[in-house]
Colleague: 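Just passing along the structure, written as structure tokens.
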Amino acid sequence: MVERVVDWFRAEARDLPWRRSDASAWAVMVSEFMLQQTPVNRVLPVYEAWLDRWPTPAALAAEPVSEAVRAWGRLGYPRRAQRLHAAATAIEEAFDGVVPDAYEDLWALPGVGEYTAGAIASFAYQKRHIVLDTNVRRVLARVVTGTEFPAAATTPQDRRIATALLPDAAPDAAQWAAASMELGAVVCTARSPRCDDCPALKLCRWVADGKPAYDGPPRRGQTYEGTDRQARGRLLAVLRDTHGPVPREELEAAWTRDVTQRERALASLMSDGLVTEEEGEMFALAH
DNA sequence: GATGCGTGGGG
DNA sequence: TCCCCAAGCAT
């Protein structure tokens, strides 16, 4: 399976900027943060602008976190921008400005978890790690386990399967990580997989079993309209698009349907360190 | 382990 | 239209 998928990848891989040979480890790291829950096509323009402005961790660390949150724009989950800034600061202080290559060092950085640590070590440094994102877990669920969808979160079984498949040579392992993710992203997709184009079609257990319908626990839907999350987004958008502090009334105008909810959202944004209150009932992105 | 956390595109 | 979901992390 590994060889077939890697061969397919060599022929069909999308030309993405963070995959080019001149992409720095920092560039890979920036892409990984942005791609956490945001699609590639929306990441691309922000990624380019970000690296143009902050080509190194030191460059980002030298500016206030508010600038990072502003530059993040509408990618969503702005705490990722905050964590990327914090990670850049940690890299500057603890690693002399060089993105670490050790998995444990990476995992210890703000905003870097199991997946992202493996991804950076693998893609930036060609090291040998299992890299389990939603794409890879779906590919393994179908091809190996024979189920349409993986579990909600990474399981010990996922890790066992991925470890068993991992090529011995580090460069091969890194290539396989990229290839298996790509397969899940463009062929073995969640909604309507393009099995006719799949290099693993002949060894896919899910296909061999007749593509049985998913019968696991209901997958968590994300409600959004009218949630605190949406309220937070509206409030933060006002601060992002304004340079300098904003009077409370202007912020309040961004969410009028539920005052209690608005106040809760504002309090949580301040609690998260994304927003600060300044003198005279004025609010701004936290520095 | 379940929940909260943004936003917008595509089927 | 509405619903699903997109390279997760922290708590």
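By convention in this document, chain letters (A, B, ...) are assigned in the order of the sequence lines, proteins followed by strands, and residues within each chain are numbered from 1. Here the structure is a predicted model, which is why all the values come from computation and not from measurement.
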Colleague: Considering only side-chain heavy atoms of Glu32(A), which listed nucleotide, dC5(C), dG6(B), dA7(C), is closest?
Modeller: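 Side chain of Glu32(A) sits closest to dA7(C).
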Colleague: Using 0.5 Å steps for rounding, measure from the CG atom of Leu251(A) to the CD atom of Glu249(A).
Modeller: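 With rounding to 0.5 Å, CG (Leu251(A)) is 9.5 Å from CD (Glu249(A)).
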Colleague: Round to the nearest Å and state the distance from Met270(A) atom CE to dC5(B) atom C1'.
Modeller: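 Rounded to whole Å, this separation is 18 Å.
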Colleague: Please say whether more than 12 non-hydrogen atoms of neighbouring residues, nucleotides or ligands are located less than 6.0 Å from CD in Glu3(A).
Modeller: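 No.
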Colleague: Which of the following nucleotides, dC5(C), dC9(C), dG6(B), is nearest to the side chain of Pro78(A)?
Modeller: dG6(B)
Colleague: Taking only the C1' atom of each, what is the distance from dG8(C) to dG1(B) in whole angstrom?
Modeller: 15 Å
Colleague: Looking at every strand, decide which applies to Trp107(A) at a 4.0 Å heavy-atom threshold: base, sugar-phosphate, or nothing.
Modeller: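 If one applies the 4.0 Å heavy-atom cut-off, Trp107(A) turns out to touch nothing in the nucleic acid.
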Colleague: With heavy atoms under 4.0 Å as the rule, sort Arg14(A) into base, sugar-phosphate or nothing.
Modeller: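 The answer is base, as Arg14(A) lies within the cut-off (heavy atoms under 4.0 Å) of a base atom.
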Colleague: Any side-chain N or O of Arg219(A) less than 4.0 Å from the OP1 or OP2 oxygen of dC5(C)?
Modeller: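 Yes.
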Colleague: Would you mind reading off the distance between Leu75(A) atom CG and dG9(B) atom P, rounded to a whole angstrom?
Modeller: 12 Å
Colleague: Grab the CE-P distance between Met29(A) and dC9(C) for me, whole Å please.
Modeller: 12 Å
Colleague: Side chain of Gln36(A) only, heavy atoms from C-beta on: which candidate in dG9(B), dG8(C), dC5(C) is closest?
Modeller: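 The answer is dG8(C).
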Colleague: Looking for any heavy atom pair under 4.0 Å, which part of the strands does Leu16(A) touch: base, sugar-phosphate only, or nothing?
Modeller: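 Contact class for Leu16(A): base.
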Colleague: Quick one, which residues of residues 244-252 of chain A touch DNA chain C with a heavy atom under 4.0 Å?
Modeller: none
Colleague: Hey, which sits more toward the 5' end of DNA chain B by its nearest nucleotide, Ser192(A) or Asp228(A)?
Modeller: Asp228(A)
Colleague: Expressed in whole Å, how much space separates the P atoms belonging to dC9(C) and dG9(B)?
Modeller: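 One P to the other, the span is 25 Å.
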Colleague: On a whole-Å scale, what distance lies between the P atoms belonging to dG4(B) and dA7(C)?
Modeller: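 23 Å, rounded to whole Å.
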Colleague: Could you state the CZ-C1' distance from Arg79(A) to dG4(B), rounded to the nearest angstrom?
Modeller: 7 Å
Colleague: Output the single nucleotide from dA7(C), dG6(B), dT7(B) whose closest atom is nearest the side chain of Arg74(A).
Modeller: dT7(B)
Colleague: Considering only NZ, NE, NH1 and NH2 on the basic side and carboxylate oxygens on the acidic side, decide whether Glu63(A) and Arg70(A) come within less than 4.0 Å.
Modeller: no
Colleague: Where the side chain of Arg42(A) is defined as all heavy atoms beyond and including C-beta, which of dG10(B), dG8(B), dA10(C) is the nearest nucleotide?
Modeller: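 Among the listed nucleotides, the one closest to the side chain of Arg42(A) is dG8(B).
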Colleague: With DNA chain C as reference, determine whether Pro110(A) or Arg191(A) sits nearer its 5' end, using the nearest nucleotide of each.
Modeller: Arg191(A)
Colleague: Does anything in residues 115-145 of chain A reach DNA chain C, meaning a heavy atom under 4.0 Å, and if so which residues?
Modeller: Tyr115(A), Thr116(A), Asp133(A), Thr134(A), Asn135(A), Arg138(A)
Colleague: Among dA7(C), dT7(B), dG4(B), which is the nearest nucleotide to the side chain of Arg240(A)?
Modeller: dT7(B)
Colleague: With a 6.0 Å cut-off on ring centres, are Trp50(A) and Trp72(A) close enough?
Modeller: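 They qualify: ring centres under 6.0 Å apart.
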Colleague: Heavy-atom distance under 4.5 Å between the side chains of Trp8(A) and Glu182(A), does that happen here?
Modeller: yes
Colleague: Which one of Leu239(A), Val69(A), Leu235(A) satisfies the side-chain contact (heavy atoms from CB on, under 4.5 Å) criterion with Val275(A)?
Modeller: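 It is Leu239(A); the other options fail the test.
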Colleague: Rounded to whole Å, how long is the line connecting atom CG of Leu183(A) with atom P of dA7(C)?
Modeller: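 About 12 Å, once rounded to whole Å.
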Colleague: Take atom CG of Asp96(A) as the centre, draw a 6.0 Å sphere, and report whether it contains more than 12 heavy atoms from other residues, nucleotides or ligands.
Modeller: no
Colleague: If each of Pro39(A) and Ser268(A) is mapped to the nucleotide of DNA chain B with the nearest heavy atom, which maps nearer the 5' terminus, i.e. the 5' end?
Modeller: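 The residue closer to the strand's 5' end, by nearest nucleotide, is Ser268(A).
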Colleague: What is the nucleic acid contact for Gln230(A), judged by heavy atoms within less than 4.0 Å: base, sugar-phosphate only, or nothing?
Modeller: nothing
Colleague: What is the nucleic acid contact for Leu236(A), judged by heavy atoms within less than 4.0 Å: base, sugar-phosphate only, or nothing?
Modeller: nothing
Colleague: Closest approach of Trp255(A) and Gly226(A), non-hydrogen atoms and distance?
Modeller: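 Scanning both residues completely, I find the closest heavy atoms to be CH2-CA, 4.3 Å.
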Colleague: Rounded to the Å, how far apart are Glu114(A) CD and dG8(C) P?
Modeller: 12 Å
Colleague: Give the other cluster members for Tyr214(A), using side-chain heavy-atom distances under 4.5 Å between Ile, Leu, Val, Met, Phe, Trp and Tyr residues; answer none if it is isolated.
Modeller: Phe149(A)
Colleague: How are the rings of Trp18(A) and Tyr47(A) set relative to one another: parallel (under 30°), tilted (30 to 60°) or perpendicular (over 60°)?
Modeller: perpendicular
Colleague: To the nearest Å, how far apart are His85(A) NE2 and dC9(C) C1'?
Modeller: 19 Å
Colleague: Can you name the one residue among Asp197(A), Val139(A), Val136(A), Asn135(A) that meets side-chain contact (heavy atoms from CB on, under 4.5 Å) with Cys188(A)?
Modeller: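 That would be Val139(A); it is the only one of Asp197(A), Val139(A), Val136(A), Asn135(A) passing the side-chain contact (heavy atoms from CB on, under 4.5 Å) with Cys188(A).
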Colleague: Would you classify Val43(A) as touching base, sugar-phosphate or nothing, given that sugar-phosphate means primed atoms plus P, OP1 and OP2, and contacts are heavy atoms under 4.0 Å?
Modeller: nothing
Colleague: Rounded to the nearest Å, what distance is computed from the CZ atom of residue Arg229(A) to the P atom of nucleotide dA10(C)?
Modeller: 16 Å
